[in-house]
Enquirer: 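I have a structure here, written as structure tokens, and I will follow up with some questions on it.
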Amino acid sequence: MTNTHRRAVVTGAAGFIGARLADQLAAGGWEVLGIDSGRSGDWSRQTRRINRWDADICDIDVDTWSEALEGVDVVFHLAAEKYNSSRSTPARVIETNVTATERLLRGAGLAGVGKTVFSSSLYAYGNLGPDPMDEEDLLHPVTVYGVSKVAGENLLRVAQRDYGTAWSVARLFFVYGPHQHAEGGYPSVIVTHMRRIVAGEAPLIRGDGEQQLDYVYLDDAVDALIQLAEPDANGLTVNIGTGHGVSVNELTERILEITGSDLRPISVEPDWTAGTRRVSQPRLAQQELGWRATTTLDEGLRKTWLEHR
């Protein structure tokens, strides 16, 4: 997408997904303002010139948002607190993902921002399988993080009522790729396995390893976010995943093969993921956006391995 007359703000722009999104927008001719606190983000992920604002969204009031967002076409709101980081608390999750998000949306409304693209999560569902998660499912989040994401989705509707701000929602599944870190968010099996292999240590598999996850490559997820900024996606809530579950056992074997390692995985005690199957039904993204994940797991793992070896 090339358009030299559009302005975007990306919150969480130094994060794993946000940095790639900001890069892709800039490459497409957007003028980009990236906001990040550096709490879990890393500005070195950026490869293109964007305007940088070092700030914690919890510290930004409505008036400051309104001034900063003047003339902005789209806000991509990715900044969030995830409640399994060692630095987080339930109160911090609510403060960041609900209270600060509400102030952002009010400021955007006052500034006349045309649209917000909101990064939500599979944890909004509260579903642990075996059925895939469908956008028409009732939401029953069972974590503070999941609750906060549902609240964020609903706040978009409030902003639309009060200010006419258009919106769309991406419920992201397990996004992976280069420059993902194990710290500051949900620990990635892919990252932790690859780091152990580099250190000459065997990958660890919790329980029987038959728990399944829906892994979607970073560039595919970013493409979906950019498509959701378009007017024909207004009011859409879509799953961003492949629709295919990969067991931890299968994932581990593929990583070992791709890395050329002769290490063998070690089984350790199971955790809460035992027996779960967290997989998307991405039909709406396919039907309404014409989007589907095109990067194969092997291709994505090879690209991810390049930064570790």
Side-chain angles (χ1 to χ4, degrees), residues 1-60 62 64-80 96 100-101 103-120 152 156 159 163 165-170 172 175 177-181 184-185 217-234 236 240 289 291:
M1 177 189 304
T2 300
N3 190 325
T4 58
H5 303 289
R6 301 184 78 181
R7 297 182 64 199
V9 164
V10 178
T11 70
F16 166 54
I17 301 173
R20 185 62 174 159
L21 172 62
D23 278 352
Q24 290 293 90
L25 289 169
W30 291 64
E31 179 184 344
V32 181
L33 170 63
I35 304 169
D36 203 287
S37 67
R39 181 177 170 85
S40 59
D42 182 351
W43 286 108
S44 69
R45 288 178 168 125
Q46 289 290 341
T47 64
R48 292 184 177 269
R49 181 181 295 276
I50 66 168
N51 299 311
R52 172 175 163 179
W53 182 8
D54 292 276
D56 187 327
I57 64 169
C58 292
D59 298 332
I60 305 174
V62 174
T64 303
W65 275 124
S66 179
E67 181 178 351
L69 297 177
E70 191 71 33
V72 168
D73 297 292
V74 182
V75 171
F76 294 87
H77 185 32
L78 280 73
T96 304
T101 293
R103 288 197 297 267
L104 164 60
L105 293 174
R106 264 196 291 155
L110 291 169
V113 171
K115 184 167 187 177
T116 300
V117 177
F118 182 68
S119 174
S120 189
L156 296 170
Y163 305 104
T165 311
W167 56 267
S168 59
V169 173
L172 299 173
V175 183
H179 308 300
Q180 184 178 17
H181 305 323
Y217 187 66
L218 174 62
D219 287 351
D220 290 331
V222 166
D223 286 346
L225 290 169
I226 294 174
Q227 289 187 48
L228 284 169
E230 295 306 314
D232 57 3
N234 288 355
L236 277 181
I240 303 303
L289 300 178
W291 176 91

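This structure is a prediction, so every number in the text was calculated from the model and none was measured.
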Enquirer: Could I get the full list of side-chain hydrogen bond (donor to acceptor under 3.5 Å, both in side chains) partners for Arg106, not counting sequence neighbours?
Expert: Glu102
Enquirer: Under a 3.5 Å distance rule, please check whether Thr116 uses its side chain to pair with a backbone N or O of Phe118 as donor and acceptor.
Expert: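 Looks like no, no N/O pair under 3.5 Å.
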Enquirer: What residues, two or more places apart in sequence or in another chain, satisfy side chain to side chain contact (heavy atoms under 4.5 Å, CB included) together with Asn51?
Expert: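 In terms of side chain to side chain contact (heavy atoms under 4.5 Å, CB included), with neighbours along the sequence ignored, Asn51 is linked to Glu31, Leu33.
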Enquirer: Identify the heavy atoms of Leu218 and Val175 that sit nearest to each other, and give their distance.
Expert: CA-CG1, 3.7 Å
Enquirer: Might you work through the side-chain contact (heavy atoms from CB on, under 4.5 Å) test for Leu25 and Ile226, ending with a clear yes or no?
Expert: CA-CA 8 Å; Leu25 289 169; Ile226 294 174; 4.0 Å; yes
Enquirer: Which residues pass the side chain to side chain contact (heavy atoms under 4.5 Å, CB included) test with Ala166, sequence neighbours left out?
Expert: Lys115, Asn234
Enquirer: Heavy atoms only: give me the nearest Ile35-Ala55 pair and the separation to one decimal.
Expert: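 So the two residues come closest at CG2-O, 3.9 Å.
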Enquirer: Step by step, would you call Thr64 with Asp59 a side-chain contact (heavy atoms from CB on, under 4.5 Å)?
Expert: CA-CA 10 Å; Thr64 303; Asp59 298 332; over 6 Å; no
Enquirer: On a heavy-atom basis, which atom in Gly34 and which in Ala13 lie closest, and how many Å separate them?
Expert: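 That would be CA-CB, 3.4 Å.
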Enquirer: Under 4.5 Å between any side-chain heavy atoms of Ser37 and Trp53, yes or no?
Expert: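 They are not in contact (no side-chain heavy atoms under 4.5 Å apart), so the answer is no.
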Enquirer: Between Ser168 and Leu228, is there a donor-acceptor pair closer than 3.5 Å when you use the side chain of the first and the backbone of the second?
Expert: yes
Enquirer: Residues two or more places apart in sequence or in another chain: which of them pass ring-ring contact (aromatic ring centres under 6.0 Å, His included) with Trp167?
Expert: none
Enquirer: Tell me every residue that passes side chain to side chain contact (heavy atoms under 4.5 Å, CB included) with Asp223, counting only those two or more places apart in sequence or in another chain.
Expert: Gln24, Trp291
Enquirer: Can you tell me if Arg7 uses its side chain to pair, donor with acceptor, with the backbone of Trp30 under 3.5 Å?
Expert: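 Absent.
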Enquirer: Do Ile17 and Leu172 have side chains that approach each other closer than 4.5 Å (heavy atoms only, starting at C-beta)?
Expert: yes
Enquirer: Does some side-chain heavy atom of Val113 sit less than 4.5 Å from a side-chain heavy atom of Val74?
Expert: no
Enquirer: For residues 17-29, which residue pairs pass the salt bridge (Lys or Arg N to Asp or Glu O under 4.0 Å) check, not counting sequence neighbours?
Expert: Arg20-Asp219
Enquirer: Compare every heavy atom of Ala221 with every heavy atom of Ile240, then report the nearest pair and how far apart it is.
Expert: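 Taking Ile240 first and Ala221 second, the nearest heavy atoms are CG2-CA, 3.9 Å.
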Enquirer: Taking all atoms of both residues into account, what is the closest heavy-atom pair of Tyr217 and Gly177, and its distance?
Expert: CE1-CA, 3.8 Å
Enquirer: Any pair with a residue in residues 66-78 that passes salt bridge (Lys or Arg N to Asp or Glu O under 4.0 Å), sequence neighbours left out, goes on the list, sorted by first then second residue, please.
Expert: none
Enquirer: In Å and rounded to the nearest 0.5 Å, what is the OG1 to CG distance from Thr165 to Leu156?
Expert: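 With rounding to 0.5 Å, OG1 (Thr165) is 9.0 Å from CG (Leu156).
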Enquirer: Among all residues two or more places apart in sequence or in another chain, which pass the side chain to side chain contact (heavy atoms under 4.5 Å, CB included) test with Thr96?
Expert: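 Counting only residues at least two positions away or on another chain, Thr96 forms a side chain to side chain contact (heavy atoms under 4.5 Å, CB included) with Ile57, Cys58, Glu81, Arg92.
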Enquirer: With a 4.5 Å cut-off on side-chain heavy atoms, are Val9 and Phe76 touching?
Expert: no
Enquirer: Using the rule given for side-chain contact (heavy atoms from CB on, under 4.5 Å), can you reason through Leu104 versus Leu69, listing the C-alpha separation, both sets of side-chain angles and the distance that settles it, and then say yes or no?
Expert: CA-CA 9 Å; Leu104 164 60; Leu69 297 177; 3.9 Å; yes
Enquirer: Sequence neighbours left out, what passes side-chain hydrogen bond (donor to acceptor under 3.5 Å, both in side chains) with Arg45? Give chain and number order.
Expert: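 For Arg45, the residues satisfying side-chain hydrogen bond (donor to acceptor under 3.5 Å, both in side chains) (neighbours in sequence not counted) are His181.
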Enquirer: Taking side-chain hydrogen bond (donor to acceptor under 3.5 Å, both in side chains) as the definition, give me every residue that meets it alongside Ser119, ordered by chain and number, with sequence neighbours left out.
Expert: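 side-chain hydrogen bond (donor to acceptor under 3.5 Å, both in side chains) check on Ser119 returns nothing, list empty.
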Enquirer: Nearest heavy-atom pair of Ile50 and Ala22: which atoms, and what distance?
Expert: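 Where Ile50 meets Ala22 most closely, the heavy atoms are CD1-CB, 4.1 Å.
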Enquirer: If we only count heavy atoms from C-beta on, is the Trp65 to Val75 side-chain gap below 4.5 Å?
Expert: no
Enquirer: Measure the spacing between CG of Asp220 and CG of Leu225 and express it to the nearest 0.5 Å.
Expert: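 Answer rounded to 0.5 Å: 11.5 Å.
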Enquirer: When rounded to the nearest 0.5 angstrom, what distance separates CG in Leu78 from OG in Ser120?
Expert: 11.0 Å
Enquirer: Suppose we screen for side-chain hydrogen bond (donor to acceptor under 3.5 Å, both in side chains). Which residues come up paired with Thr11, at least two apart in sequence or across chains?
Expert: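 Thr11 satisfies side-chain hydrogen bond (donor to acceptor under 3.5 Å, both in side chains) with His77 only.
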Enquirer: Name all residues meeting the ring-ring contact (aromatic ring centres under 6.0 Å, His included) criterion together with Trp43; count only those two or more places apart in sequence or in a different chain, and write none if there are none.
Expert: none
